[in-house]
Amino acid sequence: MFVLVEMVDTVRIPPWQFERKLNDSIAEELNKKLANKVVYNVGLCICLFDITKLEDAYVFPGDGASHTKVHFRYVVFHPFLDEILIGKIKGCSPEGVHVSLGFFDDILIPPESLQQPAKFDEVEQVWVWEYETEEGAHDLYMDTGEEIRFRVVDESFVDTSPTGPSSADATTSSEELPKKEAPYTLVGSISEPGLGLLSWWTSN
Amino acid sequence: MQEHSPTRAPEKGERAARGSGSAKLPACSAAIPASTLARGAGTLARSAAAGTAVKCEVPGLLAAGVTRRDVMEVKDANSALLSNYEVFQLLTDLKEQRKESGKNKHSSGQQNLNTITYETLKYISKTPCRHQSPEIVREFLTAMKSHKLTKAEKLQLLNHRPVTAVEIQLMVEESEERLTEEQIEALLHTVTSILPAGPEAEQKKNTNSDVAMDEEDPA
């Protein structure tokens with residue numbers, strides 16, 4: 001689920017923090033910059049693991065702060081392909097089942113990856129697995145708050161850095177705000193035996 | 001006297017430095033040694049301990065070799081896999097450290113770090129990982145050597161502690177071809193005996209043993 005990522009960055013320490021230990025200031029700055037943020041094509045950054053190398057610190061003319069090039073390792077949430085994860089169902093919609101891990105919310109299980117046959121109950125707004133046995137069909141509801149085991153089948157990174165003003169005329173009348181896209185989304189699947197709500201597979 | 005805008009923050013060190021070079025400012029005012037700004041001796045000692053000297057010179061003298069790349073670089077996006085237990089340990093230690101140092105001055109910019117550590121700790125605490133220890137993990141990995149599993153499969157077994165054969169089939173690729181039924185049983189036995197169970201399973205075990213004791217009493 002978590003990986004270690006080696007990165008290099010230049011950290012700026014303002015003069016009023018010069019009395020603090022350099023390592024502490026740098027750790028704080030790096031965490032301030034990266035914690036709980038998604039880095040494009042890398043993953044969701046959690047916290048600093050360690051600092052591997054500090055290069056010389058420079059003070060440039062016109063700016064009283066010191067600039068240090070830091071080599072460090074960061075703990076990043078980046079599940080590998082086909083990894084099994086356990087999360088909580090956040091809700092259901094016609095697009096599929098939305099799952100959350102608490103610290104990461106943008107996980108979707110599309111309808112085709114649910115245990116088949118599945119149907120969407122419009123009244124209760126939940127997805128239902130119509131489980132067939134010899135006695136008849138059981139309707140297994142995927143309710144909000146239930147723990148669910150799923151496999152990661154795909155991930156997508158969206159570059160959400162701001163773009164310059166577009167020259168198109170359509171954007172002058174902004175009836176709708178630009179859609180907020182999640183920078184990092186996972187697509188899951190529960191179409192195998194053993195996957196789905198934990199309560200479906202526990203043998204008590 | 002040449003016009004020199006003091007508040008212009010240099011985008012690229014070389015450009016600004018070249019400007020100041022041509023302004024013929026005396027070297028002492030352009031290049032303020034960082035040592036006079038660092039009031040505590042601790043700062044210098046710290047960076048000396050880190051093995052680098054806090055120098056200060058006017059960059060842009062290309063001999064200094066400073067290429068100001070302001071963009072953060074990712075050197076290796078996959079340098080190592082971490083188990084949930086390692087992340088749990090790291091975050092718990094971080095939380096202890098920050099509690100000790102006092103959080104008054106940290107609150108403003110540290111909100112993101114607080115949020116993510118709280119949520120991640122909350123998530124990991126509900127998994128079986130919270131009762132693990134470095135010795136248990138080492139024991140687990142040595143016991144796993146005989147089963148010939150890939151690193152990713154061993155990591156999943158460590159993080160999830162499967163108790164049924166169905167879960168093993170999910171985590172081990174092509175388990176029907178690679179493992180016989182006895183091997184799967186042996187694997188399950190290794191996993192459940194070495195790795196401690198999660199918090200709810202522990203509770204259930206305790207209530208079961210209590211029930212057993214009550215049954216014995218009337219006899």
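All values below come from the heavy atoms of this structure, side chains included, with hydrogens, waters and symmetry mates left out. Below, read A as the first sequence line, B as the second, and so on, with proteins coming before strands; counting in each chain starts at 1.
Heavy-atom pairs under 4.5 Å with chain A were tallied for B:V166, B:N112, B:T117; the largest tally goes to B:N112. Chain B forms the most heavy-atom pairs under 4.5 Å with one residue out of A:C45, A:C47, A:G87, A:G43, and that residue is A:C47. The most heavy-atom pairs under 4.5 Å with chain B, out of A:K88, A:E83, A:H78, come from A:E83. With chain B as partner, the option from A:M7, A:K37, A:E6 having the largest number of non-hydrogen pairs under 4.5 angstrom is A:E6. When B:E86, B:Q169, B:E167, B:E153 are compared by the number of non-hydrogen pairs under 4.5 Å with chain A, B:E167 comes out ahead. Ranking B:H160, B:M171, B:E173 against chain A, the residue ahead of the rest is B:H160, based on heavy-atom pairs under 4.5 Å.
Between B:P162 and B:V191, the shortest heavy-atom contact is O-CG1, 3.8 Å. The two residues A:W201 and A:L195 have their closest heavy-atom pair at NE1-O, 2.8 Å.
Remark: B:D76 does not engage A:R73 in a salt bridge, criterion side-chain N to carboxylate O under 4.0 Å. Of the charged side-chain nitrogens involved, none lies within less than 4.0 Å of a carboxylate oxygen, so that A:E192 and A:R149 do not count as a salt-bridged pair. Ion pairing between a basic and an acidic side chain is recognised when a charged N comes within 4.0 Å of a carboxylate O; A:R12 and A:D63 show such pairing.
With a threshold of 4.5 angstrom between heavy atoms, A:F2 approaches chain B through its backbone and through its side chain. For a residue to count as touching a neighbouring chain, one of its non-hydrogen atoms must lie under 4.5 Å from one of that chain's; by this rule B:L90 touches chain A with the side chain only. Contact annotation for B:T115: only side-chain heavy atoms (C-beta onward) come within less than 4.5 Å of a heavy atom of chain A. Using a 4.5 Å cut-off between heavy atoms, A:I51 makes no contact with chain B at all. When heavy atoms are compared at a cutoff of 4.5 Å, B:I124 approaches chain A solely by way of its side chain, counted from C-beta outward. For A:V8, the parts sitting under 4.5 Å from any heavy atom of chain B are the backbone and the side chain alike. Proximity to chain A is limited to the side chain of B:V87, based on heavy atoms less than 4.5 angstrom apart.
For A:F49, the ring pair (Phe, Tyr, Trp, His ring centres under 6.0 Å) criterion is met by no residue, not counting sequence neighbours. B:K122 is linked by a salt bridge (Lys or Arg N to Asp or Glu O under 4.0 Å) to nothing, counting only residues two or more places apart in sequence or in another chain.
Aromatic rings of A:F104 and B:Y123 (six-membered ring for Trp) have centroids beyond the 6.0 Å cut-off, not under it.
Aromatic ring pairs are classed by plane angle as parallel below 30°, tilted from 30° to 60° and perpendicular above 60°; the pair A:Y40 and A:F157 is perpendicular.
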